[in-house]
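Numbering of ligands and ligand atoms starts at 1, following listing order.
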Amino acid sequence: MKDAMTSTYSFGEIKRRGLMLVLSSPSGAGKTTISRAILQSDPNVNMSISCTTRKKRPGEVAGVDYHFTSQEDFNLMINRGQFLEYAQVFGNMYGTPKEPVDLTLHAGGDVLFDIDWQGTQQLKEKAREDLVSVFILPPSSKELERRLIARAQDEDAEIKSRMAKAADEMSHWAEYDYVIVNNDISESVAKVRSILESERLKRRRQEGLSDFVKRLQDGL
Ligand code: 5GP
């Protein structure tokens, strides 16, 4: 019998289905920073790039931060069924293109989504088994406001409107699998990483397990 440590069927090679990791929060709670840290440190995680009809902000890159689309093109994509989910947020349309997500999950890669509660509800209906949802809360409303103002890319009126809507967004915390209060970025990143690690070990996601165990039983 082969030593399990030297066998080609080591644990890390068991075929698995990817998962959909959703991070939601009111803007300014630190979600983007956490997402970037996860993406940089884990090559198995791929960011879902949404389409949006909102205007590009300074510093944003088309095709990296978002696919910036016209309302007409967005409607076309809706009619063709090309979105996994879509919603209106702050008066603009946002949607997740379906095809790249399907391909990544099937290949065993994980997909990270920065989407709001409306999108998360739609994913829950369509893909509950693949979904792992995390809600990020700011440590205080003062800190939330400070972060929004420090960001200063949005116009004054938009900051005010986002502060007003943060309270509404936060009312959806109980619809998520996990909730993290973002007191400290590196601690929050570590928490998201541990969620990811545990969820990857869920039996149903390890599609190659029965084959692996059969080989173990057969002494291969
Ligand atoms: P922002 O305009 O600040 O980039 O994003 C505004 C809000 O839209 C954020 O809460 C973000 O999570 C959400 N959002 C971004 N992309 C999508 C998407 O594809 N679907 C949904 N439902 N929400 C999105």
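- The shortest N or O to N or O distance between Lys31 and ligand 1 is under 3.5 Å.
- Ionic pairing of Lys126 and Glu85 is not present here: no N-O contact between side-chain nitrogen and carboxylate oxygen is shorter than 4.0 angstrom.
- By the criterion of a heavy-atom distance under 4.0 Å, the side chain of Val89, and not its backbone, is placed next to ligand 1.
- The shortest N or O to N or O distance between Gln118 and ligand 1 is not below 3.5 Å.
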| From CA spacing to verdict: salt bridge (charged side-chain N to carboxylate O under 4.0 Å, His left out), Lys191, Asp184 | CA-CA 11 Å; Lys191 285 172 186 166; Asp184 175 276; over 6 Å; no

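- Within the 4.0 Å heavy-atom criterion, the part of Glu85 lying near ligand 1 is the side chain and not the backbone.
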| field | CA sep, side-chain torsions, deciding dist, call: His67, Met77, side-chain contact (heavy atoms from CB on, under 4.5 Å) | value | CA-CA 12 Å; His67 300 294; Met77 289 182 73; over 6 Å; no

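- For the atom pair CE of Met93 and OG1 of Thr52, the computed distance is 9.0 Å after rounding to the nearest 0.5 Å.
- Residue Ser27 has no nitrogen or oxygen atom sitting less than 3.5 Å from a nitrogen or oxygen atom of ligand 1, judged on distance alone.
- In this structure, Tyr66 has a heavy atom closer than 4.0 Å to ligand 1.
- For atom 17 (C) of ligand 1, the closest heavy atom belonging to the protein is Tyr94 CB, 3.4 Å.
- For ligand 1, the atoms closer than 4.0 angstrom to any heavy atom of Gly119 are 22 (N).
- Ile49 and Ile115 sit in two unconnected hydrophobic clusters of ILVMFWY residues. Membership requires side-chain heavy atoms under 4.5 Å apart, directly or through other members.
- Atom numbering of ligand 1 starts at 1 in the shown order; those under 4.0 Å from a heavy atom of Ala87 are 22 (N).
- Assignment of Arg57 to the shell around ligand 1 is supported, since a heavy atom sits closer than 4.0 Å.
- With rounding to the nearest 0.5 angstrom, the CD1 atom of Ile195 is 11.0 Å from the CG atom of Leu19.
- Heavy-atom contacts of Gly95 reach the following atoms of ligand 1: 18 (C), 19 (O) (cutoff under 4.0 Å).
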